[in-house]
K.L.:
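Here it is: the structure, laid out below.
The basis for the numbers below is simple: all heavy atoms, side chains too, and nothing from hydrogens, waters or symmetry mates.
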Amino acid sequence: SWFEDISVIIGDECVSPETLISTYYVDQKITNIKLGDLVLTINEKTKNLEFKPVLKIHKNLSSKEKMFKITFENGTSIKITGNHKVRVEDEGWILTKNLKKGQLINSIE
């Protein structure tokens with residue numbers, strides 16, 4: 001329920017430093033994102049894509065977390081920690097470490 005009052009969350013302790021984030025002007029590595037950058041988000045209420053400003057930067061706490069590789073239908077992939085939540089179609093937010101092969105993860109293409 002605490003997600004209701006937050007517009008955008010990006011946590012770089014959960015994804016590889018090479019992860020690209022879609023901003024208003026260009027895709028950037030997550031490590032290059034700055035306060036105020038406009039990042040592409042999905043409004044969970046309207047399901048519309050929106051650009052929202054970054055309000056807080058959270059720095060990497062640990063580089064020892066096990067990373068999982070998720071490959072999407074279009075062939076792109078992301079490296080992500082098991083404690084990062086992803087939104088699974090028809091199931092809501094679940095931890096990456098609890099994903100099962102074939103589950104559909106909501107993503108922005």
K.L.:
Let me confirm one number: the OG1-NZ distance from Thr41 to Lys52, rounded to the nearest 0.5 Å.
P.N.:
6.5 Å
K.L.:
Does a sphere of radius 6.0 Å around NZ in Lys47 hold more than 12 heavy atoms from other residues, nucleotides or ligands, not counting ones at 6.0 Å or beyond?
P.N.:
yes
K.L.:
Carefully, step by step, assess Gln103 and Ile105 under the rule side chain to side chain contact (heavy atoms under 4.5 Å, CB included).
P.N.:
CA-CA 6 Å; Gln103 285 182 298; Ile105 298 173; 5.5 Å; no
K.L.:
Do Asp37 and Thr23 have side-chain N/O donor and acceptor atoms under 3.5 Å apart?
P.N.:
no
K.L.:
Are Trp93 and Leu95 linked, directly or through intermediate hydrophobic residues, by side-chain heavy-atom contacts shorter than 4.5 Å (ILVMFWY only)?
P.N.:
no
K.L.:
Report yes if some heavy atom in the side chain of Lys97 is under 4.5 Å from a heavy atom in the side chain of His84; otherwise report no.
P.N.:
no
K.L.:
Which residues pass the salt bridge (charged side-chain N to carboxylate O under 4.0 Å, His left out) test with Glu89, not counting sequence neighbours?
P.N.:
none
K.L.:
Under the criterion side chain to side chain contact (heavy atoms under 4.5 Å, CB included), I'd like the reasoning laid out for Val88 against Leu104: C-alpha separation, chi angles, the key distance, then a yes or no.
P.N.:
CA-CA 6 Å; Val88 175; Leu104 296 176; 5.7 Å; no
K.L.:
Look up atom NZ in Lys101 and atom OG1 in Thr71, then write down how far apart they are to the nearest 0.5 Å.
P.N.:
10.0 Å
K.L.:
Taking all non-hydrogen atoms of both residues, which atom of Phe68 and which atom of Thr96 are closest, and how far apart?
P.N.:
CB-CG2, 3.9 Å
K.L.:
Taking side chain as C-beta onward, heavy atoms only, is Leu40 less than 4.5 Å from Leu49?
P.N.:
yes
K.L.:
If you round to the nearest 0.5 Å, how far is NZ of Lys85 from CG of Leu99?
P.N.:
12.5 Å
K.L.:
Would you mind checking if Glu18 and Lys79 are paired as a salt bridge, meaning a charged N to carboxylate O distance below 4.0 Å?
P.N.:
no
K.L.:
Is there a side chain to side chain contact (heavy atoms under 4.5 Å, CB included) between Leu35 and Leu55 once you walk through the steps?
P.N.:
CA-CA 6 Å; Leu35 287 176; Leu55 302 176; 5.7 Å; no
K.L.:
Of the options Ile33, Asp27, Thr31, which is the one that meets Lys29 in a side-chain contact (heavy atoms from CB on, under 4.5 Å)?
P.N.:
Thr31
K.L.:
So if you build clusters from Ile, Leu, Val, Met, Phe, Trp, Tyr with side-chain heavy-atom gaps below 4.5 Å, do Val39 and Leu20 land together?
P.N.:
no
K.L.:
Taking atom CZ as the centre, does Phe51 end up with more than 12 heavy-atom neighbours from other residues, nucleotides or ligands that are less than 6.0 angstrom away?
P.N.:
yes
K.L.:
Are Thr81 and Met67 close enough that some pair of their side-chain heavy atoms sits under 4.5 Å apart?
P.N.:
yes
